[in-house]
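Below, chains carry the letters A, B, ... as their sequence lines are ordered, and counting in each starts from 1. Just so you know, these numbers use all the heavy atoms, side chains as well, and skip hydrogens, waters and symmetry mates.
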Amino acid sequence: MTTSNPESKDAANTPAESAPRPSNFIRDIVIEDLKTKKFGDAVIQTRFPPEPNGYLHIGHAKAICLDFNLADEFGGKTNLRFDDTNPEKEEQEYVDSIQNDVRWLGFEWERLCYASDYFDQLYAWAVQLIKAGKAYVDDLTAEEIRQYRGTLTEPGQDSPYRNRSVEENLDLFERMRKGEFPDGSRVLRAKIDMASPNLNMRDPVMYRILHAEHHRTGDKWCIYPMYDYAHGQSDSLEQITHSMCTLEFADHQPLYKWFIEQLGIFPSQQIEFDRLNLTYTLLSKRKLLQLVREKHVSGWDDPRMPTISGIRRRGFTAEGIRNFCAAIGASRTNGSTDIEMLEHFQREDLNKRVSRAMVVMRPLKVVIDNYPEGLQELVEVANNPEDPNAGYRQVPFSREIYIEQDDFREVPPPKYYRLSPGKEVRLRNAYFVTATSVVKDAQGQVVEVHCTYDPASYGGNSPDGRKVKSTIHWVCAKHAIAAEIRLYDKLFTKADPSQLEEGENFTSNLNPNSLEILLDAKLEPMLGLAKAGDRYQFERIGYFCVDPDTMPGNLVFNRTLPLKDSWAKIEKKAGA
RNA sequence: UGGGCGGUAGACUAAUGGUAGGUCAAGUGCCUUUGGAGCACUUCGUCCAGGUUCGAAUCCUGGCCGCCCAGCCA
């Protein structure tokens, strides 16, 4: 997997201030809290709390934008905190990638924190709860605990170890910490209510024994706090005023409050919002990890992955992602956002900022019979018609050029305006040409088209005001350069990839055509200078960027997104 | 089934008792040296039934539908 971050110094990574700030219910709560001085004169403090057990994805981007923008809008700060309470799943590689991704998205945290920074404090608080008779060591096995927990409709039963003395609990917990007991043999539990209708309150586990090396604390600990015991207190220690998380944690709030109240410490306000779901996309770290491990993709940063590193490598811009997050907002309704929405904000951003280039993906040779042999001209081309400041470049032109196979039809269907025998089109920025004849191979495929050109139409305008129906792109055969072009498509074939038939798992919905590699493309010579991370619009084709796999002599482009194609729509409609 | 949380066009989201608005998608037209971009227009909506009110997407009651919770994961 590549760790390069082609865009870190790129203009596409503008600061986050420009992000729109639409209204949402969380913002309303903050405004209200400020008005009523719920947190006194304290400034708004938020945090983004990922577990370093995988790479960040577009769903995390939504949370990041919410956390950082909200604090920023009201003059507050945001911490980046790693919820690293499970050493068996967490790794430094993930810690590093997460920091890289948050920065790339355009955000800078106030403090870098780790739940593991609080292990000593959390342990001291656990002792305090034991002394107060609010926590106990349980010897039940995991299976027994599950059975004692009851069900959704039936209350649980008290563990036989629930009423141990404070002294015994203190002794046992101390010995758990010292490593006297094997993994899984005992846990520390909060003594709350085994009959609570909220399962989280049925004496939840606070600590488990795990003789595992932690990526930060090494072998200092062999007991680790559960997320539920660590999260609220971590927020409290950082004086987080507004603690945003996803909907599934709503049921945990009473538990967090219970710990905070028992301990008498600063109460943060938790606000839950809906997770992002995107059509044709899976946003589950577990499943994304499976795609990586089973090599359905090349890595976490495979350009088909919805990870930040994947879509970055694909060529997406941070600003486009931020604009998308602003547009989808936040609420408490679970739904699924159309992937087109994400793509729209990428196209919008890329259209403004990237230079155009001419590239022929599937070449068809064109010979201009009345163009002088040996003559070579340069035509002047705008780098970006949307942006006059982007300047101009010279592109070589001569008698033999390549055009797109799709741009010629021997027998044009209705409404097909491109080149066909007897028809005149404009070669972008160059000349008007009219097709005169074709050369076919043994199979009857057109392998070469002959044309004549109008020398008076240099630059693409005819002095007599004659119009053509279409403009096509081209690349001069003599100067064309080669590249590997990777065309990416959706990773899944179903809008809801988790929708399965009998006996399938989600990998059954993988799109077998999500990657197509083109090796015959012809590129205008200027692209030979492109460096990893550079973005272009290949005119009439789509947005592309240079992949970090690029080596001297082997240019590699990723297709970020195709341009919208209204001809494809017409064709589809005609075919249907 | 106990508990929690939700239901505004095909999708996402505003309207905080007073004109149901925006974005995406879809469609039509204009324009165009990218069938791109842009511009204009159009289609389509408050889950249902009652109630309160001059007035309800909003408040109340009762349904219906959906999501989450029975890890020593987060």
Side-chain angles (χ1 to χ4, degrees), chain A residues 22-25 28 49-51 53 83-86 88-90 138 140-142 145-147 149-156 183-189 196-202 204-210 224 226-228 230-231 245-254 272 274-276 279 285-286 324 326-345 347-348 351-352 356 358 381-382 385-386 415-418 426-430 459-461 468-473 495 537-542 562-570:
Chain A
S23 168
N24 65 57
F25 79 100
D28 292 345
E51 183 190 13
N53 67 342
D83 269 331
D84 54 349
T85 55
N86 185 355
E88 292 183 325
K89 291 187 175 170
E90 295 151 8
D138 196 346
L140 255 27
T141 65
I145 286 180
R146 191 177 66 76
Q147 281 161 2
R149 186 153 35 224
T151 69
L152 294 179
T153 51
E154 300 161 291
D183 287 4
S185 58
R186 286 176 227 264
V187 291
L188 183 73
R189 290 230 253 170
S196 172
N198 180 346
L199 269 47
N200 295 118
M201 301 299 272
R202 318 243 261 228
V205 172
M206 295 164 58
Y207 272 92
R208 75 286 215 186
I209 302 172
L210 240 37
Y224 290 93
M226 298 288 291
Y227 172 86
D228 278 351
H231 192 79
C245 64
T246 45
L247 251 22
E248 68 269 25
F249 292 103
D251 285 344
H252 297 238
Q253 220 187 115
E272 306 90 8
D274 57 336
R275 238 175 217 288
L276 174 67
T279 55
K285 276 203 254 180
R286 205 199 93 241
F324 165 73
I328 59 173
S331 71
R332 295 178 67 92
T333 64
N334 25 36
S336 185
T337 299
D338 286 342
I339 188 80
E340 287 83 4
M341 182 87 97
L342 210 211
E343 296 176 348
H344 164 80
F345 285 100
R347 288 196 182 97
E348 180 185 69
N351 179 51
K352 291 192 294 219
R356 317 283 128 134
M358 288 201 287
V381 177
E386 302 282 308
K415 294 192 180 164
Y416 183 87
Y417 302 141
R418 283 114 95 155
R426 172 169 34 237
L427 294 175
R428 179 120 163 112
N429 295 297
N461 286 303
V468 288
K469 283 284 239 182
S470 110
T471 299
I472 64 176
H473 61 280
Q537 183 199 97
F538 293 174
E539 290 207 56
R540 301 207 307 130
I541 308 282
L563 248 30
K564 286 205 208 156
D565 186 352
S566 45
W567 166 244
K569 262 183 205 170
I570 294 169

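Across all strands shown, U19(B) forms no Watson-Crick or G-U wobble pair with both distances under 3.5 Å. Pairing for A49(B) is with U61(B), a Watson-Crick or G-U wobble pair whose two hydrogen-bonding atom distances lie under 3.5 Å. Pair check for G55(B) finds none; no Watson-Crick or G-U wobble contact set falls under 3.5 Å. In this entry U1(B) has no Watson-Crick or G-U wobble partner, no candidate having both defining distances under 3.5 Å. When both pairing distances are held under 3.5 Å, C30(B) makes a Watson-Crick or G-U pair with G38(B). Summarising the base pairing, A9(B) is matched to no nucleotide, lacking a Watson-Crick or G-U wobble pair whose two defining distances lie under 3.5 Å.
Taking atom C1' on both nucleotides, A40(B) is separated from A57(B) by 30 Å, rounded to a whole Å. The gap from the P atom of C47(B) to that of G10(B) amounts to 13 Å, rounded to the nearest Å. Rounded to the nearest Å, the gap between the C1' atom of A74(B) and that of U53(B) is 48 Å. When the C1' atom is compared between U28(B) and C69(B), the two are found 49 Å apart, to the nearest whole Å. For U46(B) and A56(B), the P atoms lie 15 Å apart once the distance is rounded to whole Å. A9(B) and G27(B) are spaced 15 Å apart, taking the C1' atom of each and rounding to whole Å. C59(B) sits 15 Å from U8(B) when the P atoms are compared, rounded to a whole Å. The gap from the C1' atom of A37(B) to that of C44(B) amounts to 27 Å, rounded to the nearest Å.
R347(A) has its CZ atom 15 Å from the C1' atom of G38(B), to the nearest Å. Straight-line distance from the CG atom of L427(A) to the C1' atom of U34(B): 13 Å, rounded to whole Å. For F25(A) and U8(B), the CZ to P distance is 15 Å, given to the nearest whole Å. A straight line from CG of D274(A) to P of U8(B) spans 12 Å, rounded to a whole angstrom.
For the pair E51(A)/K285(A), a side-chain contact is recorded, criterion being any heavy-atom separation below 4.5 Å from C-beta on. A heavy-atom distance below 4.5 Å is found between the side chains of L276(A) and T337(A). Looking at D274(A) and R332(A), their side chains never come closer than 4.5 Å, going by heavy atoms from C-beta outward. The shortest distance between side-chain heavy atoms of M226(A) and V187(A) does not fall below 4.5 Å. Side-chain contact between N198(A) and P254(A): present, with at least one pair of heavy atoms (C-beta onward) separated by less than 4.5 Å. Residues L210(A) and N86(A) have side chains in contact (heavy-atom distance under 4.5 Å, counting atoms from C-beta outward). Side-chain atoms of Q537(A) and N351(A), non-hydrogen and from C-beta on, do get closer than 4.5 Å to each other.
Between the side chain of R418(A) and the base of G35(B) there is at least one donor-acceptor pair of N/O atoms closer than 3.5 Å. At a cut-off of 3.5 angstrom, counting only N and O atoms as typed in the model, there is a donor on one side and an acceptor on the other between the side-chain of E386(A) and the base of G36(B).
The backbone N or O of S470(A) sits nowhere less than 3.5 Å from a side-chain atom of R418(A) that would complete a donor-acceptor pair.
Heavy-atom nearest nucleotides on RNA chain B were determined for I541(A) and for A250(A), and the one closer to the 5' end corresponds to A250(A).
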> What string of B, S and - do you get for nucleotides 67-74 of chain B 5' to 3' if you count protein non-hydrogen atoms under 4.0 Å?
Replying inline: SBBBSBSB

>> I'd like to compare against my own output: the B/S/- annotation of nucleotides 18-24 of chain B with a strict under-4.0 Å heavy-atom distance to protein.
In response: -----BS

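Classified by its glycosidic torsion, G71(B) falls in the syn category, the angle being within 90° of 0.
The phosphate of G36(B) has OP1 or OP2 within less than 4.0 Å of a side-chain N or O from S566(A). For T333(A) and U13(B), the shortest distance from a side-chain N or O to OP1 or OP2 is below 4.0 Å. Phosphate proximity of C5(B) to R332(A): absent, as no side-chain N or O sits under 4.0 Å from OP1 or OP2. At U13(B), one or more side-chain N or O atoms of S331(A) fall inside 4.0 Å of OP1 or OP2 (strictly under the cut-off).
Aromatic ring orientation, F249(A) versus Y227(A): tilted (interplanar angle from 30° to 60°).
No more than 12 heavy atoms of other residues, nucleotides or ligands shown are found within 6.0 angstrom of NZ on K469(A).
Residue-level contact check: Y416(A) touches the bases, meaning some heavy atom is under 4.0 Å from a base atom. Counting non-hydrogen atoms under 4.0 angstrom, Q537(A) reaches a base of the nucleic acid. At the heavy-atom level, I472(A) lies nowhere under 4.0 Å from the strands shown. The residue G335(A) sits close only to the backbone: its heavy atoms come under 4.0 Å of sugar-phosphate atoms, none of a base. Within the 4.0 angstrom heavy-atom criterion, no nucleotide atom of any strand lies near A568(A).
Taking every side-chain heavy atom of K569(A) into account, G27(B) is the closest of G7(B), C12(B), G27(B).
In this structure, E539(A) pairs ionically with R428(A), as a charged nitrogen and a carboxylate oxygen lie closer than 4.0 Å.
Scanning all heavy atoms of the two residues, the minimum distance from T85(A) to R208(A) falls at O-NH1, 3.4 Å.
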